[in-house]
Each structure stands twice: as C-alpha cells, then as structure tokens.
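The block underneath contains the structure these notes are about, expressed in structure tokens.
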Amino acid sequence: MTKSMRLRRRREFLAVQHAGSKIGSRHFLALVAPGTAVGSVGRVGFTVSKRVGNAVARNRVKRLAREWLRTHGWVPAGRDVVVIAKDSAASLDGLAEVGADLARLRDRVAAW
RNA sequence: CGGAGAGGUCGAGGUGAUCGCUGGUGCACGCAGGCGACUGCGUGCGCGGGAGGAAAGUCCGAGCUUCACAGGGCAGGGUGCUGGCUAACGGCCAGUCGGGGUGACUCGCAGGACAGUGCCACAGAGAACAGACCGCCCGUCGCCGCGAGGCGCGCGGGUAAGGGUGAAACGGUGCGGUAAGAGCGCACCGCCUGACCGGUGACGGUCGGGGCACGGCAAACCCCACCCGAAGCAAGACCAGACAGGGGUCGCGUGGCCCGCGCGAUGACUCCGGGUUGGUCGCUCGAGCCCACUGGCAACGGUGGGCCUAGAUGAAUGAUCGCCACCGGCGCAAGCCGGAACAGGACUCGGCUUAUCAACCUCUCCGACGG
RNA sequence: GCCCACGUAGCACAGUGGCAGUGCACUUCCUUGGUAAGGAAGGGGUCGGGAGUUCAAUUCUCCCCGUGGGCU
C-alpha cells in the first residue's frame with residue numbers, strides 16, 4: 001500500500017465525503033466516489049474518531065484494516081474510498097475478524 | 001520461621017525468516033515546471049534512525065511567542081509550621097508540632113479566633129460577659145410522729161459535686177475541707193505568664209510566679225506574610241492564493257477599574273455580510289543524557305571527560321510463522337494447553353496525580369523457637 | 001493538541017452548611033356506562049465516585065470518572 005494508493009490530503013478526504021455514496025457493513029462505513037488519481041488507481045483513506053476508543057485502540061483498528069487490505073488486494077480501480085470505523089470496531093479482535101467484515105464491504109464497493 | 005514497615009534497581013520479552021509503514025540520505029527511472037543550475041510529486045533499490053514510565057489526566061511551575069509592555073494603586077487569584085534545594089513551583093529534602101501504631105514507621109491546606117463581623121440546627125434548665133429542671137444543703141411555714149425524723153405542684157436562700165441533653169456544659173484526677181458544695185486549700189497533670197539556657201529557626205528544656213480569667217468554626221467573611229499582567233505552538237512569523245463590499249462610533253489601545261503612557265482623522269476600533277478545504281518556518285542541543293572524582297545528613301551542587309537520542313501532520317512501529325526465555329494449569333516425565341498489563345509522541349522541560357505487568361535487592365520493627 | 005462548562009427521582013430542572021424539593025411521568029382510589037380531563041392519597045434518590053475539613057457536606061477543599069461545547 002504505497003502512497004499513491006492512499007488518500008493523504010485533507011482536501012482529498014473532503015472531496016470524497018461531500019460527493020461519495022454511503023455503503024455500510026457491520027463495523028465500518030464506506031464513502032465511495034469516482035477516482036481522480038493519475039492512472040485511475042483506486043485510493044483509500046481511514047477515519048477513526050475518538051468515539052472508537054483511546055489512541056491505542058484507534059491505531060489498532062487502522063493497522064488491522066490496512067494490513068488486511070494490503071494482503072487481500074483492495075481498492076478497485078477508479079474509486080476513491082473513505083472507510084469510517086464505527087464505535088463497535090474497537091471490539092474486533094485480530095486480523096480474521098476485521099477481514100470477515102471488510103470482505104463483505106469490499107465486494108459491495110466493487111459492485112458500485 | 002512467621003507477620004509487618006520503609007526504600008531502591010532493572011525490564012516493558014528476545015531472536016530469526018517473509019511481506020509491509022514512516023520520514024532522512026544516496027542513486028536510477030517516470031511525470032510536471034523552468035532557458036538553465038535545478039525544484040516538486042510518484043515508483044524502485046541501498047544505507048542508517050523510528051514511542052512511555054507513565055508518552056495519559058491537564059492539577060501546578062517554567063522556558064518560548066504574541067498582546068506597544070516599562071510603572072504606581074485598587075480589585076481579583078494563589079500559597080500558608082521552620083530551615084534548605086531549585087530556573088520556578090502548590091514539588092523535593094531535612095527537621096518541629098499534632099493525630100495513629102506495641103514498634104519499625106506513617107498521616108496532616110499545620111499562620112492568626114482579645115483587629116473586627118458572622119454562624120453554632122435539633123435536644124437541653126442553660127450554648128458564650130452562661131445556666132438552678134431533677135437533685136443536694138440550710139432556714140422557715142404547715143401536716144404526721146412520743147421521738148429520731150418524714151412529707152409538701154409551700155416560701156426564702158445556698159450550691160455547678162451528681163443525674164439528664166448535646167458534637168461541645170466554663171480545667172481533669174485524688175485527698176482535705178464544708179451545712180451541702182466550690183481552686184476554697186494541697187499534690188500531680190493541663191493552662192497562662194516571667195527569666196535563663198539550647199537551637200539559624202519552627203520549637204524544646206530548667207527554674208520561678210499565677211488558682212485559672214482563655215469554647216469551636218477562618219477548606220465562613222476576614223486579618224497578616226509572601227507570590228502572580230494576560231493568553232497560549234490551533235501561540236506566532238513569512239510566502240502564495242481567494243473575495244465584495246456596506247454600515248456604525250469618536251475616541252481607541254490589557255486581564256476588571258483608576259492614574260500614567262502610547263497611537264489617532266487620506267486614522268483607529270467595532271458590528272454585519274463575503275472570502276479562506278494551501279505551503280514554509282516555529283520543531284528539536286536541551287535548566288539534555290552517561291561516566292568518574294568531589295562538597296553536603298539529604299534534596300541538590302561543583303569539576304573533568306564522553307555522547308547526540310522520534311520530529312510526524314487524515315498523522316509512521318504492523319502481520320504471519322518458528323525457536324528461546326517468563327508465568328499459570330495438567331502430567332512421574334517427555335511434553336501439551338493457556339496467558340503476558342496499563343497504554344502510544346504532536347512545542348519543550350521540572351513536578352504532582354491517576355492506570356498497570358513481572359523480576360530482583362537493601363534496611364528496619366514485632367512475635368515465636370534455638371544458641 | 002489547547003481551553004471551558006455540566007453531572008440531583010424514569011425525564012426536565014430548583015436548591016443550599018442542619019428533614020432533599022417542583023413540574024411531567026408512575027401506582028392506588030374517587031368521578032364516568034367506559035376513556036380522557038379533573039380531584040385525593042402514595043411510592044420512588046449511593047445528590048456521578050473516593051478521600052478530607054466540620055458536631056453535621058448535595059452544599060466547602062482535593063483527586064478521579066463520565067457527558068457536552070469552543071478554538072484551525
């Protein structure tokens with residue numbers, strides 16, 4: 001997951017949040033918009049607010065989600081996606097549980 | 001051996017493999033910009049760096065920055081036994097006094113209640129220049145009784161020892177004394193007070209004097225002593241960009257006020273409306289860390305030598321597997337299964353407080369047993 | 001990251017150093033053929049938690065926990 005595959009500027013996040021469509025799963029909410037990156041590479045960004053938990057819990061959610069996406073191939077071409085963690089995401093334990101939920105979300109985003 | 005008290009040290013699993021992240025640096029390639037040197041972004045490879053003891057809570061103190069910020073006063077806030085340490089502190093060290101504990105030890109926002117004001121509910125006779133409800137004692141009146149004496153919704157007086165109320169009842173205990181009592185007298189304790197001695201001081205000790213007049217609450221107002229200008233790195237500085245101006249006041253500029261000071265009419269301030277989804281700096285060398293010697297009971301200081309140790313910005317340390325080490329359970333054993341906390345920088349330090357896993361060490365006290 | 005404010009009955013709020021209250025809601029009864037409205041009676045509180053000051057703390061002091069808001 002290199003830099004070009006992630007949303008890295010506040011401007012990019014806001015663009016997706018304003019224009020994107022909502023797709024939910026049990027523990028995450030995805031906002032999807034047409035990609036604007038060069039070469040139509042699919043990009044993703046994570047939002048984990050303080051509602052989820054303390055700093056350790058928030059970092060863990062982001063790291064697990066990133067790791068699963070890295071190893072299982074995410075980001076359909078031509079999409080920009082913001083993944084927002086719901087409060088319940090803090091209760092997810094381990095890569096397998098995160099992956100189970102994200103797999104469903106990925107399929108629905110790919111079909112969008 | 002058992003129980004208890006005080007303090008300190010180290011770590012925050014290690015290692016290997018594979019796949020990854022971050023920003024720094026070197027090289028290569030691609031894209032964009034520039035006449036160019038080159039710059040920015042992305043990708044790949046190499047090299048080295050990459051969270052804590054609390055990074056947390058934001059409870060104190062500072063550095064730093066801006067407010068034109070130098071001054072006086074009032075108001076406001078803070079601290080509160082003494083001495084010391086420190087850049088500073090509400091922190092730390094050493095002591096004093098008071099409470100707790102057999103003890104080691106521990107806890108304490110621990111100045112002033114004759115500078116003033118205020119408050120002490122309920123209960124109780126009486127609650128702050130106290131107070132006779134019951135009781136006790138004396139005298140007197142009446143009644144009963146042979147008498148000693150007894151009785152009284154009688155009267156007058158004495159009495160703060162006893163009962164009872166209360167958080168608290170105007171020194172405590174004992175002896176004497178008295179009609180009953182009372183510091184009325186005496187002894188001890190306490191209190192007040194004077195002198196002397198020790199100590200930098202808080203304070204302590206000794207001797208003498210006074211029968212005692214002094215309730216509690218200042219985390220109630222307050223008084224006294226000392227300290228404090230305000231805001232906070234989203235401070236602030238610079239660069240680039242966007243937009244649309246219009247109205248009000250005559251004075252405005254700190255954190256509340258006054259004085260003082262400064263600025264001001266092509267000016268200053270303020271309100272309404274509009275615009276602002278950038279970048280660079282601040283940003284890590286600092287009251288810094290380690291070692292040795294040294295002054296000090298200690299906190300801490302001095303001298304010399306060595307070291308450079310995260311600087312991100314939608315925000316980086318992760319995942320999987322193996323081995324070793326730690327803890328728990330089962331098992332004769334080999335081994336098997338399970339567990340491993342609290343929690344992550346966001347300008348930086350010094351403290352405090354709170355959360356929490358494990359190992360080790362030192363000193364001390366009490367009890368029992370043995371020598 | 002920084003700075004504020006607030007936690008009292010099921011809900012919304014008063015209160016202040018001495019018994020914790022108001023409105024709505026709730027329960028029972030009256031009224032009605034029945035319901036609503038109305039009337040009467042009643043129950044319900046670790047005053048967010050823990051220490052401390054005080055004779056006495058919801059109130060004063062300190063430390064925690066939670067909730068909400070503001071600052072680019």
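Throughout, protein chains are lettered first and strands after them, A, B, ... in sequence-line order, and every chain is numbered starting at 1. Side-chain atoms are counted along with the backbone in the values below, which use heavy atoms only and exclude waters and symmetry mates.
Protein atom CG of A:Leu7 is 14 Å distant from nucleotide atom P of B:rG42, rounded to whole Å. Atoms CG (A:Leu64) and P (B:rA316) sit 13 Å apart, rounded to a whole Å. Between A:Leu95 atom CG and B:rC321 atom P there is a gap of 10 Å when expressed in whole angstrom units. As a whole-Å value, the separation of A:Trp68 CH2 from B:rG20 P is 18 Å. Note: CE (A:Met5) to P (B:rU22) measures 12 Å, nearest angstrom. The NE2 atom of A:His72 sits 15 Å away from the C1' atom of B:rG20 (whole-angstrom rounding). Remark: P of B:rG318 and CG of A:Asn59 are 10 Å apart, rounded to the nearest angstrom. A:Lys62 has its NZ atom 17 Å from the C1' atom of B:rA319, to the nearest Å.
Here the side chains of A:Val44 and A:Met5 are not in contact, with every heavy-atom distance at 4.5 Å or above. Counting heavy atoms from C-beta on, the side chains of A:His72 and A:Arg106 come closer than 4.5 Å. Annotation: side chain of A:Glu67 is in contact with side chain of A:Leu95 (closest heavy-atom distance under 4.5 Å). A heavy-atom distance below 4.5 Å is found between the side chains of A:Leu29 and A:Lys22.
Comparing the C1' positions of C:rU32 and C:rC26 gives an interatomic distance of 22 Å, to the nearest angstrom. The separation of B:rU309 from B:rG339, taken at their P atoms, amounts to 39 Å, rounded to a whole angstrom. Straight-line distance between the C1' atoms of B:rC324 and B:rG26: roughly 38 Å, to the nearest whole Å. Only the C1' atoms considered, C:rU59 is 15 Å distant from C:rG52, to the nearest whole Å. Only the P atoms considered, B:rC203 is 24 Å distant from B:rU106, to the nearest whole Å. B:rC349 and B:rC64 have their P atoms separated by 16 Å, given to the nearest Å. B:rG34 and B:rG275 have their P atoms separated by 33 Å, given to the nearest Å. Using atom P as the reference point in both B:rA319 and B:rA341, the two lie 13 Å apart (nearest Å).
Using a 4.0 Å cut-off between charged nitrogen and carboxylate oxygen, A:Asp101 and A:Arg26 do not count as a salt-bridge pair.
Glycosidic conformation, C:rU28: anti, with the torsion outside 90° of 0. Using a 90° window around 0 for the glycosidic torsion, B:rG305 falls outside it and is classed as anti. Base orientation at B:rA51 is syn, since its O4'-C1' glycosidic dihedral falls within 90° of 0.
Nearest-nucleotide positions on RNA chain B place A:Thr71 closer to the 5' end than the other of A:Arg60 and A:Thr71. Where A:Glu67 and A:Val82 each meet RNA chain B at their nearest nucleotide, the meeting point lying more 5' is that of A:Val82.
Of the listed nucleotides (B:rA319, B:rC19, B:rA315), B:rA315 has the atom at the smallest distance from the side chain of A:Arg6. The A:Ala55 side chain lies nearest to B:rG344 when the options are B:rG20, B:rA319, B:rG344.
The CH2 atom of A:Trp68 lies 14.0 Å from the CD atom of A:Glu97; values are rounded to the nearest 0.5 Å.
Look at B:rA37: it lacks any Watson-Crick or wobble partner with both distances under 3.5 angstrom. Within the shown strands, B:rC261 is the pairing partner of B:rG253 under the Watson-Crick or G-U definition, both distances less than 3.5 Å. Nucleotide B:rC85 forms a pair with B:rG91, judged by Watson-Crick or G-U wobble geometry with both contacts under 3.5 Å. Within the shown strands, nothing qualifies as a pairing partner of B:rU309 under the Watson-Crick or G-U definition with both distances less than 3.5 Å. Base pairing of B:rU22: its partner is B:rG49, meeting the Watson-Crick or G-U wobble criterion (both donor-acceptor distances under 3.5 Å). With a 3.5 Å ceiling on both atom-pair distances, the Watson-Crick or G-U wobble partner of B:rC293 is B:rG302. B:rU266 is unpaired under the criterion used here, namely a Watson-Crick or G-U wobble arrangement in which both key atom distances are under 3.5 Å. Pairing partner, B:rG198: B:rC203, with both Watson-Crick or wobble hydrogen-bond distances short of 3.5 Å.
Every stem involving RNA chain C, taken as at least 3 paired positions in a row under the Watson-Crick or G-U wobble test at 3.5 Å, is listed here: C:1-7 with C:65-71, C:10-13 with C:21-24, C:26-30 with C:38-42, C:48-52 with C:60-64.
A continuous path of hydrophobic side-chain contacts links A:Val81 to A:Val98 [ILVMFWY only; heavy atoms under 4.5 Å]. Hydrophobic clustering, with ILVMFWY side chains joined whenever heavy atoms are under 4.5 angstrom apart, keeps A:Val32 apart from A:Leu7.
Results of the side-chain contact (heavy atoms from CB on, under 4.5 Å) test with A:Ile84 over A:Leu31, A:Val52, A:Val48 single out A:Leu31 as the only residue that passes. Residue A:Phe46 forms a side-chain contact (heavy atoms from CB on, under 4.5 Å) with just one option from A:Arg6, A:Arg58, A:Lys62, A:Arg63, and that option is A:Lys62.
Under 3.5 Å, the side chain of A:Arg70 and the base of B:rC21 form no donor-acceptor pair of N or O atoms. A:Arg43 contributes no side-chain N or O that forms a donor-acceptor pair with the base of B:rG42 under 3.5 Å.
At a threshold of 4.0 angstrom between heavy atoms, the contacts of A:Asn54 are confined to the sugar-phosphate backbone, with no base atom among them.
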